[in-house]
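Remarks on the structure that follows.
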Amino acid sequence: MTASARAHINLGAIRKNFQLIKALEPRARTMAVVKGNAYGHGLIRAAEVLSDADSLAVARLSEIKQLRDAGIDQPVVLLGGVVTSADLDEAVKLDAALCVHSEVQLQWLEAFAGSQFDVWLKVDTGMNRLGFSTKEAPDAIARLQACKSVATLRIMSHFANADDRQDPMTLDQIERFRDVTTHFGGDLSIANSAGLFGFDAALNVFERAADAGRLWIRPGIALYGVSPLSDATAAELGLYPAMTFASRLLEVKQLQAGDRVGYGGEWQTQQDTKLGVVAAGYGDGYARYMPTGTPVLVNGREVPVVGNISMDLTTVDLGPDATDAVGDKAVLWGENLPVEKIARIAGIAAYQLVTGVIHREAPVFIDHQ
Ligand SMILES: *Cc1c(COP(=O)(O)O)cnc(C)c1O
């Protein structure tokens with residue numbers, strides 16, 4: 001038996017999440033976001049399951065190349081757009097749709113001859129990351145409408161804090177996006193996963209666009225069964241977690257009260273107890289910031305991480321009466337141990353945990369309907 005950290009990906013869960021998300025706004029078209037190796041779930045296998053999406057979206061040209069090499073010919077949007085003008089040639093070869101968020105990208109498109117792209121103009125409605133300001137947007141829209149390299153022009157914006165339903169910023173962003181797109185007759189998109197689940201009522205201001213089939217949704221994290229909202233679990237939203245990240249016990253040993261454990265000897269046991277050594281560490285994506293106390297599921301019960309995480313190993317306190325044996329399964333997150341819970345304890349985003357899995361061994365893909 002191998003003892004190694006591995007992600008188990010339930011493709012059926014991704015399929016069900018996609019259907020559920022589509023049902024939230026059946027009139028909208030869906031841009032399924034599969035950047036970052038489909039948030040750690042495996043780019044190609046996830047994309048195959050999402051073949052009904054109207055488009056896929058990624059962050060890098062190299063990700064589109066992988067999709068095309070795998071024979072996936074759906075539309076793919078390059079979020080963020082090109083980084084150099086030379087990327088445009090590559091984007092043509094890969095049949096990419098582009099985001100345009102800056103003056104320089106716009107100029108490259110205006111100077112580009114020979115081919116046309118579907119273009120998403122990105123408007124910054126308050127996140128202050130990428131995009132033309134609402135003041136600059138009308139001019140950018142006019143120039144892109146006149147640009148010979150643009151086949152179809154669409155407009156998007158991105159929420160900064162929609163995971164917090166109490167933050168009025170999201171409502172501000174929706175207002176600004178509505179204002180800037182009032183006289184635009186093309187397709188629109190603003191809702192990521194959190195927007196969809198948390199602000200469905202507010203998004204009704206795009207009712208007319210939705211009725212006309214001009215509204216797109218852009219779910220990412222929710223496709224993978226992770227809650228996009230800080231105040232709701234995936235189960236409460238009806239989402240199915242797709243990833244279980246698990247390994248096995250590589251060692252079980254008796255400790256005496258006062259023994260110190262691991263690098264730095266930072267954890268010291270108060271009592272005689274059994275220590276479990278799990279074959280998973282930061283080299284697998286189970287990172288150093290998992291504090292003592294983080295739960296790991298061993299034989300159906302939660303036991304705490306103790307001491308520092310090593311590259312390949314993690315130590316857990318199995319308790320004085322433990323009967324666990326070498327080879328027993330240890331779930332780091334997933335089935336019966338929500339990744340959101342681990343993320344909260346580690347003080348980082350669940351996005352980072354799932355995307356950060358280092359697949360030293362290829363995931364095990366299953367497809368439970
Ligand atoms: C990543 C990304 C999304 C998806 O966001 P989630 O929070 O994962 O749903 C949508 N739109 C853009 C522009 C993105 O970069």
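This structure is a prediction, so every number in the text was calculated from the model and none was measured. Atoms within each ligand, like the ligands themselves, are counted from 1 in listed order.
- Around CD of Q256, the count of heavy atoms belonging to other residues, nucleotides or ligands within 6.0 Å exceeds 12.
- The closest protein non-hydrogen atom to atom 11 (N) of ligand 1 is R218 NE, 2.8 Å.
- Other residues, nucleotides and ligands contribute at most 12 non-hydrogen atoms within 6.0 Å of the CZ atom of R60.
- For the pair K122 and ligand 1, a heavy-atom separation below 4.0 Å is found.
- The shortest contact between atom 9 (O) of ligand 1 and any protein heavy atom is with S193 OG, 2.5 Å.
- With hydrogens left out, the protein atom closest to atom 4 (C) of ligand 1 is Y39 OH, 3.4 Å, a heavy atom.
- With a 6.0 Å radius and a threshold of 12 heavy atoms from other residues, nucleotides or ligands, K274 has its NZ atom above the threshold.
- Looking at ligand 1, you won't find any N or O of M156 less than 3.5 Å from one of its N or O atoms.
- Counting heavy-atom neighbours within 6.0 Å of Q19 CD, excluding the residue itself, gives a total above 12.
- Smallest separation of non-hydrogen atoms from C147 and L109: SG-O, 3.7 Å.
- Around OH of Y263, the count of heavy atoms belonging to other residues, nucleotides or ligands within 6.0 Å does not exceed 12.
- Scanning the protein for heavy atoms near atom 15 (O) of ligand 1, the closest one is K35 NZ, 2.7 Å.
- Of the polar atoms of I221, at least one N or O is found under 3.5 Å from an N or O of ligand 1, judged by distance alone.
- Backbone and side-chain nitrogen or oxygen atoms of Y351 are examined, and one is located within less than 3.5 angstrom of a nitrogen or oxygen of ligand 1.
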